[in-house]
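Residues: numbered from 1 along the sequence shown. Note that the structure is a prediction, hence the values are computed from the model and not measured.
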Amino acid sequence: MRAALAVLILSLAACSEPAPPAEAPAPPPEPVMLGGVDLNQPVRVLGTEPFWSVEMTPDALVYSTPEGEGLRSANPGPTVQGTTAVYAAATADGTALVVTLIATECSDGMSDRVYPLTARVEAGNETFNGCAASVAFLNSQPAP
């Protein structure tokens with residue numbers, strides 16, 4: 001009797017559907033390279049006279065000044081054509097925030113540091129020119 005019960009249990013177990021395989025994690029995005037900089041990684045854009053910066057992360061573009069002025073938008077990702085990448089975004093209130101990166105070396109004019117990208121930022125009605133590099137590169141350099 002026990003043998004028959006064991007055969008019945010094993011037969012029912014064999015009829016059940018196997019568990020679906022676990023979904024593999026999504027592969028990392030392909031690098032979007034410009035002037036040796038992976039644009040999928042955090043990038044810092046900065047300028048002097050007046051001082052300003054844009055912190056670019058996969059999620060956001062954040063323009064700021066030492067005076068505390070700022071704009072924030074979602075990162076729409078770049079449109080890359082040749083040696084130029086353009087991020088055309090807008091803040092929640094509709095203010096334009098456009099960052100253009102060009103694969104040409106740049107000097108900030110105040111230090112000996114050479115950046116791999118030249119930048120132009122349009123924040124609302126103002127336009128600023130500056131330089132850009134990956135945050136990892138900037139963190140690996142001596143302070144200017």
- What residues form a side chain to side chain donor-acceptor pair (under 3.5 Å) with T127, not counting sequence neighbours? none

- Item | Verify same cluster id: Y115, M56 (apolar side-chain graph, 4.5 Å) | no

- Query: By side chain to side chain contact (heavy atoms under 4.5 Å, CB included), which residues pair with D93, not counting sequence neighbours?
  - Reply: T91, T95

- Look at the side-chain heavy atoms of Ile, Leu, Val, Met, Phe, Trp and Tyr, link any pair under 4.5 Å apart, and say whether V135 and V37 land in one connected group. no

- Using the salt bridge (charged side-chain N to carboxylate O under 4.0 Å, His left out) rule, collect all pairs that involve residues 73-88, keeping only residues at least two apart or in two chains. none

Result block: side-chain N/O donor-acceptor pairs under 3.5 angstrom for residues 38-53, not counting sequence neighbours:
| from | atom 1 | to | atom 2 | distance (Å) |
| --- | --- | --- | --- | --- |
| D38 | OD1 | N40 | N | 2.9 |
| N40 | ND2 | E30 | O | 2.6 |
| R44 | NE | E55 | OE1 | 3.3 |
| R44 | NE | E55 | OE2 | 2.6 |
| T48 | OG1 | D108 | O | 3.3 |
| S53 | OG | S64 | OG | 3.4 |

- Task: With sequence neighbours excluded, give me every ring-ring contact (aromatic ring centres under 6.0 Å, His included) pair touching residues 90-110.
- Result: none

- Measure across G130 and C106 and return the closest heavy-atom pair with its distance rounded to 0.1 Å. O-SG, 3.4 Å

- Note on the structure: Contacts satisfying ring-ring contact (aromatic ring centres under 6.0 Å, His included) that involve residues 72-111 (not counting sequence neighbours) are none

- Task: Measure the OG-CG distance between S107 and D112 for me, rounded to the nearest 0.5 Å.
- Result: 7.5 Å

Going by atom type alone, with no hydrogens or angles, which donor-acceptor pairs under 3.5 Å involve a side-chain atom of residues 70-83 and a protein atom two or more places apart or on another chain?
| from | atom 1 | to | atom 2 | distance (Å) |
| --- | --- | --- | --- | --- |
| N75 | OD1 | G77 | N | 2.7 |
| N75 | ND2 | T57 | O | 2.7 |

- Does any pair with a residue in residues 56-81 pass ring-ring contact (aromatic ring centres under 6.0 Å, His included), and if so which ones, sequence neighbours excluded? Y63-F128

- Query: Linking I/L/V/M/F/W/Y whenever any side-chain heavy atoms sit under 4.5 Å apart, do L117 and M33 land together?
  - Reply: no

- Taking only residues two or more places apart in sequence, or in another chain, which ones meet Q141 in a side chain to side chain contact (heavy atoms under 4.5 Å, CB included)? R113, F137

- Task: Please list, chain by chain and in numerical order, all residues satisfying side chain to side chain contact (heavy atoms under 4.5 Å, CB included) with T100, sequence neighbours excluded.
- Result: T84, V86, V98, I102, R120

- Under the side chain to side chain donor-acceptor pair (under 3.5 Å) rule, collect the residues that match up with T104, sequence neighbours excluded. T118

- Task: Using a cut-off of 6.0 Å, state whether more than 12 heavy atoms not belonging to N125 lie near its atom CG.
- Result: no

- Query: side chain to side chain contact (heavy atoms under 4.5 Å, CB included) with P58: which residues, sequence neighbours excluded?
  - Reply: none

